[in-house]
Each structure stands twice: as C-alpha cells, then as structure tokens.
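Note sheet for the following structure.
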Amino acid sequence: MSRRTRLRGRFQLLAALVATVVQLPAVLWLCWHTHTPVPALGAVLVSAPYLRQLQSPWHTTAPAPSTYLALGWWAACLVFDLLMLPAVLAVRAGVPMGVAWGLAGVIALVLGADAVLGRPRLRNRVVRVEGLSPELDGYRIGQISDVHCGPHVPAERVSSWVSRLNRLQLDMVAVTGDLITHGSSHVEAVARALGGLRAKDGAFACMGNHDYFTDGEQIVRALESQGLTVLRNRGVVVERGEARLYVAGVDDTWTARDDLERALRHRPEGAPTVLLAHDPELFPQAQARDVELTLSGHTHGGQLGVPGVRHLSLARIITRWTAGLYRQGRSWLYVNRGVGTTGPPVRLGAPAELAVITLRRA
C-alpha cells in the first residue's frame with residue numbers, strides 16, 4: 001500500500017469520524033422523538049456517497065446531487081448542535097417543548113439548505129475619504145472575489161454573478177483574486193465569464209494564491225485578452241473630470257511576488273488610492289503608506305463559522321481581518337467573503353457575497 005493511499009484512507013476515516021460526531025446529537029434526538037432507528041439509517045444513506053467520493057478529493061467533474069444533500073444535512077446537524085443549549089434553556093423558562101425543539105429544527109434545516117444552495121448576498125458599504133474630490137463623491141466600486149471556478153462553480157454561475165454586478169451600473173469593478181481552485185481546466189472559461197464585466201472605468205484584477213496553483217501567466221493573458229486590467233505591483237490613474245483616483249494592485253503574497261512599494265511608486269500626490277490586495281494581511285503596510293481603501297478577499301469569511309458572529313469562524317486561524325469593513329486611522333479595509341468555495345462546497349455562517357463600496361467625502 002502506497003503512502004498516498006494510506007493518507008487518503010486516514011483522511012476518509014477522520015472525515016467519517018467528524019461527520020458522525022456532528023450528526024450524533026440530531027440523530028439521537030430524532031430517534032428518541034420518533035421511537036424508531038429510521039433517522040440513523042437515513043443519516044448513513046445520506047452520508048455514505050459523499051464519504052466514498054473523498055477517495056478522489058481532487059475530482060474535476062461536476063459533483064453529484066448527493067454531495068450537496070450530505071453537506072446540507074451535516075450543516076443542519078451542526079446548527080442543531082449549536083441550538084441544543086438554547087432550546088433546553090427555553091424549555092426550562094416555560095416555552096413548550098414542542099415549540100422550542102421544533103423551532104430549533106426549522107432553523108437548522110433552513111440554514112443547512114442555505115449553506116449549500118445560498119445565493120450570494122449583495123453587501124453595500126460606505127467608505128468616507130478625507131479630501132475626496134466632489135467629482136468622486138458617490139463613486140461606486142463593485143467587488144467580486146474568490147470565484148474558484150471549477151467543478152463546484154461552473155462558468156455559467158460566474159456569468160450570472162457578472163450580470164448582477166452589471167445591472168448596478170457601477171463606476172469600477174475590482175476582481176480580487178483566486179479565480180480558480182487549481183489546474184488550468186477552467187482558466188479560459190472563468191476569463192470569458194469575467195470578461196463580461198462592464199463598468200464606466202473598467203474592471204481591474206489582482207492575483208491570488210490559487211491563481212498560481214497553475215500557470216499564473218496563462219491566467220493573466222486570458223484575463224487581459226478579455227478586457228480586464230491585471231494589476232501586478234502597479235497602478236493606473238482613473239480620471240473623473242479634474243479629479244484623479246489611483247487604482248493599484250499587488251501580486252500574490254504566498255509566493256512572495258507582492259511589492260507594495262512598486263505598486264504605489266507612481267501614485268500622484270494627493271490622489272486617493274484604492275488598492276487591490278487578495279491577502280488582507282497587507283493592510284497594515286497599506287495603512288502605513290496612507291492608502292485610503294484596500295479591497296481584499298482570501299479568507300472566505302472562514303467559510304465555516306457561527307452564524308451571525310463575524311469573528312467566530314475558521315478565518316480567525318489565519319488572520320485578524322476575517323470579513324467585512326475595518327478602519328484604522330484614515331485607512332479602510334474591506335475583506336470580501338467571496339462567492340466560491342474551496343474544499344467542501346458549503347458555507348455556514350459565512351455566506352457568499354458581492355460587494356459595492358461607495359466612496360463619500362469625509
């Protein structure tokens with residue numbers, strides 16, 4: 001038996017163990033409530049196909065419906081686990097048992113379904129910039145990030161997100177990296193889809209770490225052939241009347257290609273700056289250089305977290321900048337949760353999003 005086979009077997013065993021632990025409270029409660037073992041049998045039938053699929057985790061074909069069924073069920077069970085204590089406390093406080101537990105079950109099922117089928121939310125945020133020219137007051141920037149086009153995110157879905165942004169008639173669109181998951185099979189497709197972006201001042205992109213899980217130069221060529229401007233440690237000036245906005249982008253930090261100094265080298269004096277940086281860990285450096293707005297992604301908002309609590313997610317393992325809008329001094333950072341996924345195609349407590357950032361005078 002090869003080392004890879006042994007590792008894969010251990011991974012499957014670990015996945016089965018985690019799935020069992022997550023499902024156990026809900027399954028035991030259902031078995032007790034129905035006085036039958038049918039819920040346990042159903043859990044096995046729902047989970048087994050996806051666990052077998054993990055023998056080939058890097059598959060390149062579209063996932064079977066059983067994948068989403070299993071992940072949605074597991075997500076619902078996890079939510080139910082989190083709601084058990086509140087349900088018990090509600091019963092002790094006088095809420096009828098059927099109402100408390102029934103409500104917990106409904107919430108779990110709704111959030112479980114949303115975890116695998118949820119449509120990206122549209123987030124609207126306002127950033128106030130000191131000294132912003134009147135011509136740029138109200139300037140609207142759309143952001144799409146972490147597309148991860150691949151088996152779980154076909155190009156047709158990317159095109160639907162592009163259409164949503166186009167309907168907003170934005171001034172500019174920022175594409176902040178991780179356009180694919182790995183390999184070259186979806187490079188041309190995602191470039192064609194993103195090539196449909198339309199904004200008054202165009203669409204700009206920066207590179208993410210996953211974009212170098214294949215030939216990064218191929219991705220750059222594909223995007224630029226479709227009309228996007230790829231900013232790799234450089235910037236361009238966008239003019240609106242007499243006002244100027246400097247739009248810069250840095251390259252990937254994971255492969256040490258980033259060079260913020262170079263990206264800001266030709267920034268006009270007094271021009272507000274919008275920086276595209278896939279990795280939000282660059283924000284302190286951007287703040288030190290008086291960058292007004294940094295747009296990032298990378299974290300997926302943790303992809304798995306406690307619903308409704310931004311900072312309680314897996315993203316806290318890698319960064320303090322997990323999701324949403326941050327401010328330090330006169331500098332702002334927006335961390336986009338992204339629209340795609342890596343690993344299991346599930347988002348719990350970190351819904352996919354498209355963002356619109358409106359610049360306003362401070």
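In what follows, residues are counted from 1 in the order of the sequence shown.
- Judged by distance alone, the side chains of S296 and W321 never bring a donor and an acceptor atom under 3.5 Å apart.
- How far CG of D211 is from CD of Q218: 11.5 Å, rounded to the nearest 0.5 Å.
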Determine whether E281 and R320 satisfy the following criterion, salt bridge (charged side-chain N to carboxylate O under 4.0 Å, His left out), listing intermediate values before the conclusion. CA-CA 8 Å; E281 286 296 302; R320 61 176 292 197; over 6 Å; no
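- In the displayed structure, Q169 atom CD is contacted under 6.0 Å by at most 12 heavy atoms of other residues, nucleotides or ligands.
- Between the side chain of R244 and the main chain of G241, no donor-acceptor pair closer than 3.5 Å is present.
- A donor-acceptor contact shorter than 3.5 Å is absent between the side chain of R267 and the backbone of V236.
- No side-chain heavy atom of N124 sits less than 4.5 Å from a side-chain heavy atom of T358.
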Under the criterion side-chain contact (heavy atoms from CB on, under 4.5 Å), I'd like the reasoning laid out for L165 against L170: C-alpha separation, chi angles, the key distance, then a yes or no. CA-CA 8 Å; L165 289 175; L170 300 161; 4.2 Å; yes
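- Using a 4.0 Å cut-off between charged nitrogen and carboxylate oxygen, R221 and E188 do not count as a salt-bridge pair.
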Run the side chain to side chain donor-acceptor pair (under 3.5 Å) test on H148 and H186 for me, step by step, so that the C-alpha distance in whole Å, both residues' side-chain angles and the decisive distance to 0.1 Å come before the verdict. CA-CA 9 Å; H148 290 291; H186 291 80; over 6 Å; no
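- Residues forming a salt bridge (Lys or Arg N to Asp or Glu O under 4.0 Å) with D171 (at least two apart in sequence, or on another chain): K200, R240.
- Checked by atom type, the side-chain pair D279/T253 shows a donor-acceptor distance below 3.5 Å.
- From L348, atom CG reaches atom CG of D114 across 9.0 Å, with rounding to the nearest 0.5 Å.
- Separation of atoms CG (L275) and CD (Q285) is listed at 10.0 Å; rounding is to 0.5 Å.
- The side-chain heavy atoms of L194 and V162, taken from C-beta on, include a pair separated by under 4.5 Å.
- The backbone N or O of D258 lies less than 3.5 Å from no partner atom in the side chain of R262, so there is not a single donor-acceptor pair.
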Output, in order, the C-alpha distance, side-chain angles, deciding distance and verdict of side-chain contact (heavy atoms from CB on, under 4.5 Å) for Q143 and L354. CA-CA 6 Å; Q143 185 191 12; L354 300 167; over 6 Å; no
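- A donor-acceptor contact shorter than 3.5 Å links the side chain of Q23 to the backbone of A19.
- Counting non-hydrogen atoms of other residues, nucleotides and ligands closer than 6.0 Å to CZ of R140 gives a total above 12.
- Between P272 and L136, the closest side-chain pair of non-hydrogen atoms falls below 4.5 Å.
- No side-chain donor-acceptor contact under 3.5 Å links H210 and H298.
- In this structure a side-chain-to-backbone donor-acceptor pair under 3.5 Å is present from R347 to H300.
- Without hydrogens or angle criteria, D178 side chain to S145 main chain gives no donor-acceptor distance under 3.5 Å.
- If you check the side chains of D252 and H278, you find no donor sitting under 3.5 Å from an acceptor.
- At least one donor-acceptor pair closer than 3.5 Å links the side chain of N166 to the backbone N or O of R198.
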Stepwise side-chain contact (heavy atoms from CB on, under 4.5 Å) check, T255 with N209: CA-CA 7 Å; T255 53; N209 53 301; over 6 Å; no
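- Comment: E130 does not engage R361 in a salt bridge, judged by the lack of any side-chain N to carboxylate O separation of less than 4.0 angstrom.
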Begin from the C-alpha positions of E242 and S133 and carry the test side chain to side chain donor-acceptor pair (under 3.5 Å) through to its verdict. CA-CA 9 Å; E242 297 296 320; S133 299; over 6 Å; no
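- Placement of L333 and V129 in two distinct hydrophobic clusters is found when ILVMFWY residues are connected by side-chain heavy-atom separations under 4.5 Å, directly or transitively.
- W29 and F80 have tilted rings, their planes meeting at an angle from 30° to 60° on a 0 to 90° scale.
- The closest side-chain heavy-atom distance from R330 to D290 is below 4.5 Å.
- Taking the ring centroids of W254 and Y212, they lie at or beyond the 6.0 Å cut-off.
- Contact check for V356 versus R123: no side-chain heavy atoms found under the 4.5 Å cut-off.
- Shown here are the salt bridge (Lys or Arg N to Asp or Glu O under 4.0 Å) partners of R360, two or more places apart in sequence or in another chain: D137.
- By the criterion of side-chain heavy atoms lying less than 4.5 angstrom apart, applied directly or through intervening Ile, Leu, Val, Met, Phe, Trp or Tyr residues, I180 is grouped together with I144 in one hydrophobic cluster.
- One finds the CG atom of L276 at 5.0 Å from the SG atom of C206 (value rounded to the nearest 0.5 Å).
- Between the side chain of N233 and the backbone N or O of D251 there is at least one donor-acceptor pair closer than 3.5 Å.
- In terms of modelled atom types and a separation under 3.5 Å, the side chain of T67 and the main chain of Y50 share no donor-acceptor contact.
- Rounding to the nearest 0.5 angstrom, the gap separating the NE2 atom in H33 from the CH2 atom in W101 is 11.0 Å.
- Between R234 and T229 the shortest side-chain heavy-atom distance falls below 4.5 Å.
- Taking CG from L293 and OG1 from T273, the interatomic distance works out to 10.0 Å, rounded to the nearest 0.5 Å.
- When only modelled atom types and interatomic distance are considered, S331 and E292 share no side-chain donor-acceptor pair under 3.5 Å.
- No more than 12 heavy atoms of other residues, nucleotides or ligands shown are found within 6.0 angstrom of CZ on R119.
- Counted within 6.0 Å of CE on M84, heavy atoms from surrounding residues, nucleotides or ligands total more than 12; the atom is thus considered enclosed.
- By the 4.0 Å N-to-carboxylate-O rule, E353 lies close enough to R337 to be salt-bridged with it.
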Applying side-chain contact (heavy atoms from CB on, under 4.5 Å) to L83 and I107, what does each step give before you reach the verdict? CA-CA 9 Å; L83 292 175; I107 293 174; 3.8 Å; yes
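- Note on L228 and M172: separate hydrophobic clusters, where clusters join Ile, Leu, Val, Met, Phe, Trp and Tyr whose side-chain heavy atoms are under 4.5 Å apart, directly or indirectly.
- Residues L45 and L28 are members of separate hydrophobic clusters, defined by side-chain heavy-atom contacts under 4.5 angstrom among Ile, Leu, Val, Met, Phe, Trp and Tyr.
- Judged by distance alone, the side chains of Q303 and T341 never bring a donor and an acceptor atom under 3.5 Å apart.
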Could you go through S47 and W74, starting from their C-alpha distance and side-chain angles, then the distance that decides it, and tell me whether this counts as side chain to side chain donor-acceptor pair (under 3.5 Å)? CA-CA 8 Å; S47 302; W74 294 353; 2.9 Å; yes
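- Under a hydrophobic clustering in which Ile, Leu, Val, Met, Phe, Trp and Tyr are joined whenever their side-chain heavy atoms come within less than 4.5 Å, directly or via other members, L132 and V291 fall into different clusters.
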